[in-house]
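All values below were derived from every heavy atom in this structure, side-chain atoms included, with hydrogens, water molecules and symmetry-related copies excluded.
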Amino acid sequence: MIETVGFIGSGMIGGTLARLAVAAGLNVVMSNSRGPESLAGLIAELGERARAATPEEAARAGDLVVLAVPLGRYRELPARALAGKIVIDTMNYYPQRDGRIEELESRSMTSSEMVQRHLEGARLVKALHNLDFHHLRNGARPAGDPERWALPIAGDDADAKAQVAKFMDAIGYDAVDCGSLAESWRIEPNTPVYVLPYLGEPPAGLTKEERRQWYRQDRCARVTADDVRMLVSRARRTDRLGGRFEDLPSGLMD
């Protein structure tokens with residue numbers, strides 16, 4: 001049973017997921033590379049269910065652990081503390097930020113397979129990675145809501161995927177099993193299921209600032225489990241590898 005979620009990374013994605021977890025009645029242990037004292041403001045916002053720690057402490061404390069750091073820093077993750085843990089990999093490959101990673105560029109493995117190799121013994125699940133933080137926050141809906149979104153997950157451990165699906169259900173999302181870590185290239189950046197299907201089309205004639213506000217508004221388009229499966233089936237391994245920030249609509253990254 002998941003009662004406490006550890007976070008390694010407390011930026012836009014980590015902070016957003018922590019807010020959703022606390023709202024769902026879960027405890028959170030937050031960490032980052034700058035030290036627990038740098039998290040005072042976020043902990044005060046999250047309230048009594050939250051505390052700050054080091055990455056190693058957050059890894060050991062969590063019944064489930066969320067990785068939310070830039071992919072290029074994956075070697076800094078505390079492998080020993082994460083052994084045996086159910087771990088959510090939200091990290092995506094953005095060469096502009098992470099630098100060129102030859103193993104990914106050659107397509108000899110997926111980014112999650114690379115992280116799993118480093119985290120020997122961890123039970124890794126790729127999940128909660130295909131939305132920007134605005135829509136991750138605003139898209140959450142209770143079970144049974146007809147506008148609830150479905151999001152893809154991938155992993156090699158069936159029980160770990162089931163536990164991650166339960167966590168996603170608690171914070172407001174349905175999970176769609178899209179296969180193994182080796183198949184997770186189908187749900188990486190620059191694939192049909194990544195970010196854009198959840199945004200919808202803005203009205204014509206908006207200024208840049210109006211488009212920014214439109215994309216950031218609190219609303220939820222309809223993306224069902226069947227939609228996710230259809231989008232994932234359209235992915236091609238020959239598509240361009242890695243994300244590009246300029247491919248995302250203005251307003252999503254600021």
Side-chain angles (χ1 to χ4, degrees), residues 2-78 81-82 85-92 94 96-98 115 119 127-142 149 151 164 167-173 195 198 209 212-220 243 245 248-254:
I2 298 170
E3 297 182 352
T4 299
V5 183
F7 285 84
I8 300 177
S10 57
M12 293 183 291
I13 295 296
T16 297
L17 289 172
R19 292 175 180 91
L20 293 175
V22 165
L26 300 172
N27 301 312
V28 299
V29 181
M30 307 301 299
S31 72
N32 63 20
S33 61
R34 299 183 301 278
E37 64 281 355
S38 69
L39 293 165
L42 177 60
I43 298 303
E45 177 191 342
L46 292 171
E48 62 183 13
R49 289 189 175 276
R51 67 181 177 90
T54 66
E56 290 81 2
E57 291 167 341
R60 297 187 190 283
D63 302 311
L64 179 151
V65 182
V66 176
L67 308 179
V69 301
L71 179 66
R73 301 180 65 178
Y74 80 95
R75 291 185 181 87
E76 300 174 21
L77 296 168
L82 289 166
K85 296 285 186 174
I86 298 174
V87 176
I88 296 180
D89 174 15
T90 74
M91 302 181 296
N92 291 310
Y94 275 75
Q96 296 158 295
R97 176 196 63 199
D98 302 316
V115 175
L119 300 179
L128 294 166
H129 66 289
N130 70 313
L131 286 179
D132 64 281
F133 76 98
H134 294 298
H135 292 83
L136 188 60
R137 177 189 64 211
N138 295 335
R141 295 291 186 274
W149 275 339
L151 304 178
V164 169
F167 170 67
M168 290 172 61
D169 178 58
I171 66 171
Y173 293 98
V195 179
Y198 299 85
E209 180 58 31
R212 178 180 289 111
Q213 294 304 317
W214 188 89
Y215 278 122
R216 293 177 64 170
Q217 67 182 300
D218 182 4
R219 75 188 193 294
C220 188
F245 295 121
L248 298 176
S250 175
L252 295 188
M253 304 306 295
D254 53 66

[X] side chain vs [Y] backbone, donor-acceptor pair below 3.5 Å:
X	Y	value
Arg141	Asn138	yes
Thr4	Val28	no
Asn32	Gly35	yes
Asp63	Glu3	yes
Asn92	His129	yes

Report the relative orientation of the aromatic rings in Trp149 and Tyr198; use parallel for angles under 30°, tilted for 30 to 60°, perpendicular for over 60°.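 Answer is perpendicular, since the angle exceeds 60°.
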Between atom [atom1] of [X] and atom [atom2] of [Y], what is the distance when rounded to the nearest 0.5 Å?
X	Y	atom1	atom2	value
Phe7	Leu46	CZ	CG	8.5 Å
Met91	Asp98	CE	CG	9.5 Å
Leu39	Arg34	CG	CZ	7.0 Å

Among Val115, Leu64, Leu67, Val164, which residue satisfies the side chain to side chain contact (heavy atoms under 4.5 Å, CB included) criterion with Val87?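 Of all the options given, the one that passes is Leu67.
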State which residue, out of Asp132, Leu131, Leu136, fulfils the side chain to side chain contact (heavy atoms under 4.5 Å, CB included) condition with His134. Asp132
For Glu209, the side-chain contact (heavy atoms from CB on, under 4.5 Å) test, sequence neighbours excluded, returns Thr207, Arg212, Gln213
How close do [X] and [Y] get, counting heavy atoms only, and between which atoms?
X	Y	value
Ile88	Ala127	CG2-O, 3.5 Å
Ala61	Arg51	CB-NH2, 3.6 Å
Ala53	Val29	CB-CG1, 3.5 Å
Arg49	Leu26	CD-O, 3.4 Å
Ala58	Val65	O-CG2, 4.3 Å

Heavy-atom count around Arg97 CZ within 6.0 Å, excluding the residue itself: above 12? yes
Could you tell me whether the side chain of [Y] reaches within less than 4.5 Å of the side chain of [X], counting heavy atoms only?
X	Y	result
Ile2	Ile86	no
Met30	Ile43	yes
Thr54	Pro78	no
Ser33	Arg73	yes
Asp89	Leu119	no

Please report, to 0.1 Å, the donor-acceptor pairs under 3.5 Å made by any side chain of residues 13-25, with sequence neighbours excluded.
unit_1, atom_1, unit_2, atom_2, d
Thr16, OG1, Met12, O, 2.6
Arg19, NE, Glu45, OE2, 2.6
Arg19, NH1, Gly15, O, 3.0
Arg19, NH2, Glu45, OE1, 3.1

